[in-house]
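A short worksheet on the structure shown next.
Every chain is numbered from 1, with letters handed out A, B, ... down the list of sequences.
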Number of protein chains: 2
Amino acid sequence: MNITDVARAAGVSIATVSRAFGSPEKVTDETRAHIEAVAKKLGYIPNSSARVLRTRRSNVLGVVLPTLINPVFAECLEGIARAAHTRGYSILPITTDYQIDAEARAVNLFIASNVDGVLLVVSNPAQSAALDNLKARHIPYVLAYNAHDAHPCVSVDSEAAVAEVVSWLVGKGHRRIAMVAGHLSASDRAQRRHRGYLKAMASHDIAPCDLIEVPFMDASVEIIGRHLTREQPPSALFCSNDLLAIRSIRAAHDAGLKVPEDVSIVGFDGIELGMDLTPRLTTIVQPNREMGRVCVTLLADGLAAGTPLTQAASRTLAHTLRLGESAAPFTDPN
Amino acid sequence: MNITDVARAAGVSIATVSRAFGSPEKVTDETRAHIEAVAKKLGYIPNSSARVLRTRRSNVLGVVLPTLINPVFAECLEGIARAAHTRGYSILPITTDYQIDAEARAVNLFIASNVDGVLLVVSNPAQSAALDNLKARHIPYVLAYNAHDAHPCVSVDSEAAVAEVVSWLVGKGHRRIAMVAGHLSASDRAQRRHRGYLKAMASHDIAPCDLIEVPFMDASVEIIGRHLTREQPPSALFCSNDLLAIRSIRAAHDAGLKVPEDVSIVGFDGIELGMDLTPRLTTIVQPNREMGRVCVTLLADGLAAGTPLTQAASRTLAHTLRLGESAAPFTDPN
DNA sequence: CTGTTAGCGCTTTCAA
DNA sequence: TTGAAAGCGCTAACAG
């Protein structure tokens, strides 16, 4: 079932069939209707491999994300999918599970697939074979959540956001505020947030606590628990993401501590689920869906205009501090 | 940068380059190494549109899921992605947001893309244009989470699972057990679970409560709350999925009820997050990743064997009841 | 407005 | 083992 079959059945040339589908305005309403009817009866669907091969355009955007288990990226992907669909693009999403070489593999697949543009969340934009490859081939790309001078990025001002939430905690009387993060080396996001934490603490003339680094998600509850039960435990935990905040709440509970009475816990990301949790998560909200939407817009507009996308296209989106129930004013346990 | 460039640079014919990539054994080790070196230097990546057009094989599996916001499907997709990668397939995932016509559109896209097989979670397998289309074109497909006689399906025994958790509640003294679900019409899963609930209640000679139907996720907390504060409120809530269970916990809290002391709440799905919540979710665990893996295996094996996939290939995977902290023995409030 | 035709990059006979 | 050449389905000149 191909264009030739349809042409024969409709009694027209393949060129006319092609036009009826690709540029309907170049064909009489009558013949177009006829061809559509015939095509429908035959169940004809144009072969996109052939079309892509011929036109060198796929109307596909490649998407590289760390994981979909973290709802942040699932939400972002929903935003991407919706915006892409609106603009006539399909998406080809790949998850890397935080493996850097998977980023490069994904990009190779995208190149083979003739994607028109790529949207990525990478580990380290400063040093990325995947990005080098895209740049060398002049394939338009945008980074989401990452922030780097040399690349077009859509992100929030992490340092400012962290400063905001840390200042809020300080304003509520907290002094022993510890930060919880995954491996800092796994993402520039965690590093930025950590830097924000250090700066914020310094700006309030408070000594930062040692970073609570959680190398494996499985062990996180246990590790956080150890820090909550040590001598002079923190009265507040700033978690690098909401998933860690959820686990911190669990760890507190296991340690016999009440949240927020005994320990305040704040997150970062603003996953939608956080609003339905008990206690509601206090967190920095990033506009995750919007983030995806803006990336697609940048890509699609650049593609439409034929202008290459550069770092100048970068956008910083607004974040908000969502006050939930997982953080409260400091109360002296003594 | 195409096969011709590489051939020229390597001083061989394009056929030899093609073989060096596609069937290395048909080429001398020496020439293969030479071609690989040249190709690498040139950054050559074979154009898959051309390959697919020529071979009519894409090594791509289409995947249709309702949404990735529900972690059940995100987890399943992780299983799919991993298994697909292992077997040399890429995946092309599409989310429908529970819109039936989006299922059909996705399948059309898959056909245009020459996918080798399709994995779906549909709304209603009994009546699905998407499935009809796949069947008519002899494209191998498997359903996940759905269960239907006429299609190859990978699922758990929902009715048995629901019976298990309801019996557990009854065994703990609960009698007023209500079920919470989204629109029943939106998925056969919810319908099956509801049927399981009715049967289980009947088997214990307990009158079922009216179904608490939650049409929109946004309003769910409020709606569930109304049911918890009515005259003779249920002492236990069986939720059709974990996301609803989380919202039910929220609703209970808002109504001034303690979970599980005042009301027991159980879910269905076994999302990984449930284990880290406070209280830990009591729920029926489906092997979500495994589900994805099995689907891919079925598809890939069928493709390798060249045998069409039929309902005979269906698999029922084992579920488990995970006892968390959100459900406890019934205590009379008086 | 419609038809003819070349060719996108690749795989695969068929011959050498 | 390698090369020459046909052709997968489609689009876009170009001609009429």
If you count heavy atoms of other groups shown closer than 6.0 angstrom to NE2 of A:His148, is the number above 12?
yes
Whole-Å distance, B:Glu30 CD to D:dT2 C1', equals 13 Å
Output yes when A:Arg87 and A:Asp301 qualify as a salt bridge under the 4.0 Å nitrogen-oxygen rule, no when they do not.
yes
Residues of residues 104-112 of chain A with a heavy atom under 4.0 Å from any atom of DNA chain D, listed by number, are none
Tightest non-hydrogen contact, residues B:Gly43 and A:Arg137, listed as O-NH2, 2.6 Å
Looking only at non-hydrogen atoms, find the nearest pair between B:Asn146 and B:Leu120 and report the distance.
OD1-O, 4.0 Å
Expressed as a whole number of angstroms, how long is the span from A:Glu25:CD to D:dA12:P?
11 Å
If each end axis of the helix from C:dC1-D:dG16 to C:dA16-D:dT1 is fitted on five C1' pair positions, the angle between them, to 10 degrees, is 30°
Rounding to a whole Å, what distance do you find between B:Asp29:CG and D:dT1:P?
10 Å
Once base and sugar-phosphate atoms are separated, protein heavy atoms under 4.0 Å mark nucleotides 8-16 of chain C, 5' to 3', with B, S and - as BBBBBB---
Residue pair A:Ala9 / A:Leu42: nearest heavy atoms and the distance that separates them
CB-CD2, 4.0 Å
Give a yes-or-no answer on whether the side chains of A:Asp188 and A:Asn124 include a donor-acceptor pair shorter than 3.5 Å.
no
Please report the closest heavy-atom contact between A:Ala106 and A:Val64, naming both atoms and the distance.
CB-CG2, 3.9 Å
Any side-chain donor near an acceptor of the partner, A:Tyr141 and A:Asn133, under 3.5 Å
no
Whole angstrom value for the distance that separates P of C:dT2 from NE2 of A:His34:
12 Å
Under a 3.5 Å threshold, yes or no: a donor from one side chain and an acceptor from the other, between A:Asn114 and A:Ser58?
no
Below 4.0 angstrom, N of the basic side chain to O of the carboxylate: do B:Glu36 and B:Arg32 qualify?
yes
Looking across every strand, which nucleic acid part, if any, lies under 4.0 Å from A:Val12 by heavy atom: base, sugar-phosphate, or nothing?
sugar-phosphate
Check B:Ser155 against B:Ala147 and note the closest heavy-atom contact, atom names and distance.
OG-CB, 3.9 Å
